[in-house]
There are 2 protein chains.
Amino acid sequence: MTYNDIPRHLAAVDCIIFGYDIIDKEIKLLLVRRNFEPAKGLWSLAGGFVMDDESLDEAASRILFNLTGLRNVFPEQSYTFGNRERDPGARVISTSYYALIKILDIDHSIGGNKDAEWFPISGLPQLIFDHDEMVRKALACLRRQVKINPVGFELLPEKFTMVQLQDLYEAIYQRKIDKRNFRKKIVSMKLLEKLDEKEKLTSKKGAFYYRFIKEEYENQKRNGFYFNLDIGK
Amino acid sequence: MTYNDIPRHLAAVDCIIFGYDIIDKEIKLLLVRRNFEPAKGLWSLAGGFVMDDESLDEAASRILFNLTGLRNVFPEQSYTFGNRERDPGARVISTSYYALIKILDIDHSIGGNKDAEWFPISGLPQLIFDHDEMVRKALACLRRQVKINPVGFELLPEKFTMVQLQDLYEAIYQRKIDKRNFRKKIVSMKLLEKLDEKEKLTSKKGAFYYRFIKEEYENQKRNGFYFNLDIGK
DNA sequence: CCAAAAGTGTTCGAATTACACCCATGA
DNA sequence: TCATGGGTGTAATTCGAACACTTTTGG
């Protein structure tokens with residue numbers, strides 16, 4: 001047996017790019033209009049093929065960077081889709097990655113780009129191939145992750161209010177959460193620093209800003225404390 | 001842009017085959033001795049390349065069947081490994097799958113096979129390439145799954161005792177569990193049927209056999225009850 | 001002064017944990 | 001009869017869930 005007789009396949013990476021719209025209080029996906037056949041003109045995830053000189057992870061980072069200009073976001077692998085007929089143009093084995101980004105970090109850079117657009121997950125357009133299943137699986141990953149890792153903060157600005165944080169979790173879980181219980185739990189983690197500054201756009205009283213203390217999280221992790229934000233019903 | 005200029009890659013599947021040794025009370029892996037270069041002669045996961053006429057899932061099932069003769073076990077995808085240099089022989093993108101099987105279902109068929117052998121996860125031989133990382137990731141998947149799905153029963157014979165079930169969970173979690181609390185929780189799920197028969201090999205008194213009632217599990221799932229066997233410390 | 005959003009504690013029930021002795025039987 | 005492993009219940013605690021009013025301030 002040698003490696004020569006073995007069939008080779010196109011390997012692709014598709015990125016589910018999650019953002020959180022702090023105004024609409026909705027999780028959104030950054031989609032692109034596909035500019036080549038098959039399915040040209042339809043909306044799709046940001047994707048591309050894996051080249052010879054890059055790993056899967058590197059391909060995912062490249063695709064993310066090309067669309068968003070962000071370099072310090074590291075996509076997480078979700079699942080690999082390998083049905084024979086999933087892409088009618090050719091057999092393509094595609095690995096999906098998801099990334100969490102702050103919408104404000106990039107909305108200027110894609111502002112003029114008519115081929116990229118944010119869509120709320122509850123109102124996605126029709127997607128090509130099996131991209132809708134990729135989205136479903138990535139959402140499941142996100143919901144699982146968000147319970148055991150402080151990834152929610154990657155979707156929010158540096159400074160955020162408790163109300164915004166809770167709105168985010170409600171958007172992810174698709175469920176109303178009790179305000180007092182939520183704040184109690186968050187505060188008990190001691191991972192947030194309350195700033196002196198207030199956000200005063202959405203109320204007259206104003207809401208204090210908080211900041212996620214990443215160093216404290218790393219510290220707790222080293223000491224064997226695990227993040228847990230399971231808001232079970 | 002056309003699909004013609006794009007580099008194509010070898011796509012492989014590697015299977016982490018979990019078994020549970022009811023005597024040693026250990027989770028084991030079925031490994032094979034690799035019979036081609038590179039790394040010929042070393043132990044490795046059961047693997048193979050993805051052919052043109054099969055999906056990734058089908059490739060995993062085929063590889064599992066070729067080694068074990070089992071048809072009604074469906075491997076679950078774990079993770080895809082795509083570093084450029086992971087296989088020194090050629091660039092191979094490999095998706096790992098894990099499967100849970102009953103050791104007794106197959107130990108006769110691999111009994112004479114000197115190129116396949118069960119190893120306890122705590123005493124694995126050196127594995128080729130990044131197969132040790134595949135094992136780590138699959139174990140993490142298994143530990144996560146076992147909390148929310150009744151997959152443990154796939155590792156046990158049809159009839160098993162409470163002690164055996166508890167030993168299994170202790171082997172998976174690598175932690176001692178309180179006997180009374182464990183049984184209380186198991187019984188409260190109402191997913192087990194107590195049989196009249198006793199296992200009398202390991203004690204004079206004998207231990208009652210139980211059977212997992214799959215239909216009842218399906219029934220509960222339909223009614224919105226979720227399996228949960230989280231033995232948090 | 002009032003509308004609108006932020007912020008704050010307590011109580012109750014359920015679930016989890018810790019813990020120690022009796023039972024059945026083959027050798 | 002005794003050594004061995006199987007089987008059982010209760011009390012203490014913790015954790016999650018439910019729930020309503022006060023505060024601030026810009027208009």
Side-chain angles (χ1 to χ4, degrees), chain A residues 22-25 146-148 156-157 159-171 173-190 192-211 225-233, chain B residues 22-25 146-148 156-157 159-171 173 175-211 220 224-233:
Chain A
I22 213 165
I23 306 298
D24 297 354
K25 302 176 186 177
V146 99
K147 292 182 183 183
I148 53 178
L156 288 172
K159 300 183 296 187
F160 50 85
T161 68
M162 278 287 183
V163 176
Q164 289 167 344
L165 184 61
Q166 179 172 350
D167 286 344
L168 167 63
Y169 275 88
E170 290 182 348
Y173 287 132
Q174 297 283 344
R175 166 146 47 88
K176 200 95 190 86
I177 302 170
D178 181 273
K179 193 170 30 161
R180 282 170 286 189
N181 293 339
F182 180 80
R183 293 165 101 105
K184 206 187 313 173
K185 192 145 191 174
I186 292 287
V187 168
S188 75
M189 293 183 172
K190 308 193 173 171
L192 295 192
E193 179 187 3
K194 187 178 191 172
L195 307 180
D196 290 330
E197 203 181 343
K198 275 188 164 184
E199 188 269 352
K200 307 214 52 164
L201 297 172
T202 50
S203 83
K204 295 157 184 174
K205 183 178 177 180
F208 280 104
Y209 277 121
Y210 289 78
R211 178 181 86 81
F225 293 105
Y226 294 109
F227 184 90
N228 177 297
L229 193 58
D230 198 348
I231 315 279
K233 176 67 195 175
Chain B
I22 213 164
I23 306 297
D24 297 354
K25 302 176 184 175
V146 99
K147 292 181 184 184
I148 53 178
L156 290 172
K159 300 184 295 186
F160 50 86
T161 68
M162 278 288 183
V163 176
Q164 289 167 346
L165 184 61
Q166 180 172 347
D167 286 343
L168 167 64
Y169 274 90
E170 290 182 349
Y173 286 134
R175 165 147 45 89
K176 199 95 192 85
I177 302 170
D178 180 274
K179 195 168 34 159
R180 283 170 286 192
N181 293 338
F182 180 79
R183 292 165 100 104
K184 204 188 313 173
K185 193 145 189 172
I186 293 289
V187 169
S188 76
M189 293 182 171
K190 309 195 172 165
L191 291 176
L192 295 192
E193 179 187 2
K194 187 179 192 170
L195 307 181
D196 290 331
E197 202 180 344
K198 274 190 165 183
E199 188 270 350
K200 307 214 53 167
L201 297 172
T202 51
S203 82
K204 294 156 185 175
K205 181 177 179 181
F208 280 104
Y209 276 122
Y210 288 80
R211 178 181 87 80
Q220 289 191 16
F225 293 105
Y226 294 110
F227 183 89
N228 177 294
L229 193 58
D230 199 349
I231 314 280
K233 178 66 191 175

Visitor: What is the separation between atom CD1 on A:Ile23 and atom C1' on C:dA5, rounded to the nearest whole Å?
Guide: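 Interatomic distance, CD1 of A:Ile23 to C1' of C:dA5: 15 Å.
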Visitor: Please list, chain by chain and in numerical order, all residues satisfying ring-ring contact (aromatic ring centres under 6.0 Å, His included) with B:Phe160, sequence neighbours excluded.
Guide: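 Partners of B:Phe160 by the ring-ring contact (aromatic ring centres under 6.0 Å, His included) criterion, ordered by chain and then number, come out as B:Phe153.
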Visitor: Atom CD of A:Gln164 to atom C1' of C:dA5: distance rounded to whole Å?
Guide: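 Between C1' of C:dA5 and CD of A:Gln164: 13 Å.
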Visitor: Residues in side chain to side chain contact (heavy atoms under 4.5 Å, CB included) with B:Lys185, at least two apart?
Guide: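 Checked B:Lys185 against side chain to side chain contact (heavy atoms under 4.5 Å, CB included); matches are B:Asn228, B:Leu229.
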Visitor: Between C:dA15 atom C1' and B:Met189 atom CE, what is the distance in whole Å?
Guide: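 Nearest whole value for this atom pair: 13 Å.
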Visitor: CG of A:Leu201 versus P of C:dA6: gap in Å, rounded?
Guide: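 Between P of C:dA6 and CG of A:Leu201: 12 Å.
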Visitor: Rounded to the nearest Å, what distance is computed from the CG atom of residue B:Asp230 to the P atom of nucleotide D:dG16?
Guide: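 Taking CG of B:Asp230 and P of D:dG16, I get 12 Å after rounding.
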Visitor: By side-chain hydrogen bond (donor to acceptor under 3.5 Å, both in side chains), which residues pair with A:Lys184, not counting sequence neighbours?
Guide: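 Testing A:Lys184 for side-chain hydrogen bond (donor to acceptor under 3.5 Å, both in side chains), a comparison that skips the adjacent residues, returns A:Asn181.
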Visitor: Think B:Lys200 has a side-chain N or O under 4.0 angstrom from the OP1 or OP2 of C:dG26?
Guide: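 For B:Lys200, the contact criterion (side-chain N or O under 4.0 Å from OP1 or OP2 of C:dG26) is met.
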Visitor: Within the sub-3.5 Å range, which N or O atoms of nucleotides 4-9 of chain D have a protein N or O partner, and how far apart are they?
Guide:
| from | atom 1 | to | atom 2 | distance (Å) |
| --- | --- | --- | --- | --- |
| D:dG6 | O3' | B:Gly206 | O | 3.4 |
| D:dG6 | N3 | B:Lys205 | NZ | 3.3 |
| D:dG7 | OP1 | B:Phe208 | N | 3.0 |
| D:dG7 | OP2 | B:Arg183 | NH2 | 2.6 |
| D:dG7 | O5' | B:Arg183 | NH2 | 3.0 |
| D:dG7 | N7 | B:Lys179 | NZ | 2.8 |
| D:dG7 | O6 | B:Lys179 | NZ | 2.8 |

Visitor: Nearest whole Å is fine: how far is D:dG16 P from A:Arg175 CZ?
Guide: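 After rounding, the gap between these two atoms is 13 Å.
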Visitor: With sequence neighbours left out, what residues match B:Arg211 under salt bridge (Lys or Arg N to Asp or Glu O under 4.0 Å)?
Guide: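 Salt bridge (Lys or Arg N to Asp or Glu O under 4.0 Å) check on B:Arg211 returns B:Glu193.
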Visitor: Rounding to an integer number of Å, can you tell me how far B:Asn228 CG sits from C:dA14 C1'?
Guide: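 My rounded result for the distance is 14 Å.
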Visitor: Holding to salt bridge (Lys or Arg N to Asp or Glu O under 4.0 Å), I want the full list of residues that pass it with B:Glu197, two or more places apart in sequence or in another chain.
Guide: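 With sequence neighbours excluded, B:Glu197 shows a salt bridge (Lys or Arg N to Asp or Glu O under 4.0 Å) to B:Lys159, given in chain and number order.
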Visitor: Would you indicate whether B:Lys190, at its atom NZ, is surrounded by more than 12 heavy atoms from other residues, nucleotides or ligands within a distance under 6.0 Å?
Guide: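 No, because the 6.0 Å sphere around NZ of B:Lys190 holds 12 heavy atoms or fewer from other groups.
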